[in-house]
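Computed from a predicted structure; not experimentally measured. Numbers here simply count residues along the sequence, with the first being 1.
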Amino acid sequence: MATGNFDWDAGEYDAVARVQERWGRELIARIEWSGEESVLDAGCGSGQLLPYLAEKIPHGRLTCLDRDGGMIEAARQRIRALKLAIPVDAVLGDIAALEMTPLRPASFDLVFSNAALHWVPDKLRAFAGFSRLLKPGGRVVAQYGGEKNIQRIRAALYRVLRELGAAAAQERWSFQSVEQTKEQLKTCGFRDVRVWENEAPATFPDRAAFARFCTVVFLRSYQSQLPPPQWEALQARFPDVARELLGGWRVDYVRQNLEARR
Ligand code: BEZ
């Protein structure tokens, strides 16, 4: 769930990322399990989904991977606390450079990825990495931000960044079309490719809950690009501008879903 070129706050992410956890659990429920799979959770974040994945593979093994050191440490703590009955490892490594990780080629039955691939600009390279790690016949199942994801959230961000004189700040996420994803998966040797999108708006009960969520999930990737006064002003101003453009304490999520076989 976490990647991108900045440090995440694993504790805060765990506290607010309920919607990402729900999507992950829905994704797990959609998969047909034999119970013996060797699974890679690519972009595992703090390991929120680890117990739900482990439950599905009583005779399998689970490897969690994330490029953020704080997230991997949180996942390791969770692994220790849960005392799971199957082998579980947490590996520091980047979905965008899987060939640089110690993971063995052709060693996984399933690559699972929840709310992470939008942090990877070069998705073709990520898919090539998945293909290399999967056994023949192995599957990839993922969901992440789709082509028209968070359009109004982004419009609010651009407006506030412009107001603050920080329009040059760069967004760290990248979204692409269903067609592009299909082509890339086929280029990487996948078959039975299915890619589709669905709207998945999220709503929040009040300004405080919305502001906290947006700071952790969207704004934090701008922190290292802004001097402290602009960073403070972004957090203070963004929720109200977003509310105006979205008509409520809402996030206009659009999910891209993919399933394919090696
Ligand atoms: C997403 O889950 O769609 C997302 C999360 C953070 C930044 C951008 C997109």
Side-chain angles (χ1 to χ4, degrees), residues 1-4 8-33 37 39-57 62 64-66 68 71 74-75 77-79 81-82 84 88 90 95 110-120 139-154 173 175 194-221 239 242 246-259:
M1 278 179 234
T3 181
W8 285 83
D9 181 333
E12 268 296 276
Y13 187 84
D14 243 14
V16 302
R18 298 278 74 85
V19 65
Q20 284 80 2
E21 181 180 334
R22 178 165 55 74
W23 293 332
R25 294 183 67 173
E26 287 167 3
L27 197 56
I28 292 168
R30 225 175 52 216
I31 296 168
E32 277 183 35
W33 299 92
E37 289 90 348
V39 177
L40 174 65
D41 181 357
C44 66
S46 57
Q48 262 185 334
L49 297 174
L50 201 152
Y52 308 110
L53 286 166
E55 189 176 82
K56 294 289 186 187
I57 45 170
L62 177 58
C64 304
L65 175 103
D66 205 281
D68 185 274
M71 288 291 199
Q77 280 172 19
R78 197 171 237 132
I79 292 167
L82 286 169
L84 298 162
V88 185
I95 306 179
L110 175 70
V111 173
F112 172 92
S113 184
N114 182 59
L117 276 164
H118 44 256
W119 296 111
V120 178
R139 292 170 293 168
V140 55
V141 177
Q143 76 79 20
Y144 46 91
E147 187 177 15
K148 300 211 162 66
N149 197 33
I150 57 168
Q151 279 194 324
R152 290 190 182 173
I153 287 286
R154 291 164 80 199
W173 46 74
F175 309 127
R194 283 187 67 220
V195 184
W196 72 100
E197 290 193 349
N198 62 284
E199 291 185 6
T203 54
F204 296 82
D206 52 36
R207 187 185 190 281
F210 179 72
R212 186 180 182 198
F213 181 88
C214 290
T215 292
V216 175
V217 174
F218 304 120
L219 306 187
R220 190 136 154 76
S221 59
L246 282 133
W249 305 119
R250 289 162 59 85
V251 176
D252 52 343
Y253 279 123
V254 176
R255 312 319 295 165
Q256 190 169 112
N257 308 276
L258 75 80
E259 295 176 3

Requested in this report: Please test Arg30 against Glu26 for salt bridge (charged side-chain N to carboxylate O under 4.0 Å, His left out), starting from the C-alpha separation and ending with a verdict.
Outcome: CA-CA 6 Å; Arg30 225 175 52 216; Glu26 287 167 3; over 6 Å; no

Query raised in the report: Yes or no on ring pair (Phe, Tyr, Trp, His ring centres under 6.0 Å) for Tyr253 and Trp23, after CA distance, side-chain angles and deciding distance?
Result: CA-CA 11 Å; Tyr253 279 123; Trp23 293 332; 4.7 Å; yes

**Report entry** Candidate pair Ser113 and Val140, rule side-chain contact (heavy atoms from CB on, under 4.5 Å), full reasoning
**Finding:** CA-CA 8 Å; Ser113 184; Val140 55; over 6 Å; no

Requested in this report: Decide yes or no on side chain to side chain donor-acceptor pair (under 3.5 Å) for Gln20 and Asn114, but give the supporting numbers first.
Outcome: CA-CA 8 Å; Gln20 284 80 2; Asn114 182 59; over 6 Å; no

Query raised in the report: Can you check side-chain contact (heavy atoms from CB on, under 4.5 Å) on Ile150 and Val251, steps first, answer last?
Result: CA-CA 7 Å; Ile150 57 168; Val251 176; 3.7 Å; yes

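Ser46 and Met71 get closest at one heavy-atom pair: N-SD, 3.5 Å. Val88 and Leu84 make their closest contact through CG2-CD1, 3.8 Å (heavy atoms, listed as atom of the first residue, atom of the second, distance). Looking at every heavy atom in both residues, Arg139 comes nearest to Ile31 through NH1-CG2, 3.8 Å. Residue Ala90 comes nearest to Ala75 through the heavy atom pair CB-CB, 4.5 Å, listed as atom of the first residue, atom of the second, then distance. A pairwise comparison of heavy atoms in Ala242 and Ile153 identifies CB-CD1, 4.4 Å as the closest pair. Of all the heavy atoms in Glu197 and Gly146, the pair that sits closest is OE2-CA, 3.3 Å.
Distance CG/Leu27 to CD/Glu259: 8.0 Å, rounded to 0.5 Å. Distance check, rounded to the nearest 0.5 Å: CZ of Arg220 to SG of Cys214 gives 15.0 Å. With values rounded to the nearest 0.5 angstrom, Asn198 atom CG is found 8.0 Å from Gln143 atom CD.
With respect to Trp249, the ring pair (Phe, Tyr, Trp, His ring centres under 6.0 Å) criterion is satisfied by exactly one of Phe213, Phe210, Phe204: Phe210.
Considering only heavy atoms from C-beta on, Asn149 comes within 4.5 Å of Arg255 through its side chain. Considering only heavy atoms from C-beta on, Trp119 stays 4.5 Å or farther from Ile95 through its side chain. Within the 4.5 Å cutoff, the side chain of Cys44 has no heavy atoms near those of the Phe112 side chain. For the pair Asp41 and Leu53, the minimum side-chain heavy-atom distance is below 4.5 Å. Considering only heavy atoms from C-beta on, Tyr52 comes within 4.5 Å of Glu21 through its side chain. For the pair Gln256/Val195, a side-chain contact is recorded, criterion being any heavy-atom separation below 4.5 Å from C-beta on. Under the 4.5 Å side-chain criterion, counting only non-hydrogen atoms from C-beta, Gln151 is not in contact with Phe175. Contact check for Trp196 versus Leu258: no side-chain heavy atoms found under the 4.5 Å cut-off.
A donor-acceptor contact shorter than 3.5 Å is absent between the side chain of Asp14 and the backbone of Gln48. A donor-acceptor contact shorter than 3.5 Å links the side chain of Asp252 to the backbone of Arg152. Between the side chain of Thr215 and the main chain of Arg212, no donor-acceptor pair closer than 3.5 Å is present.
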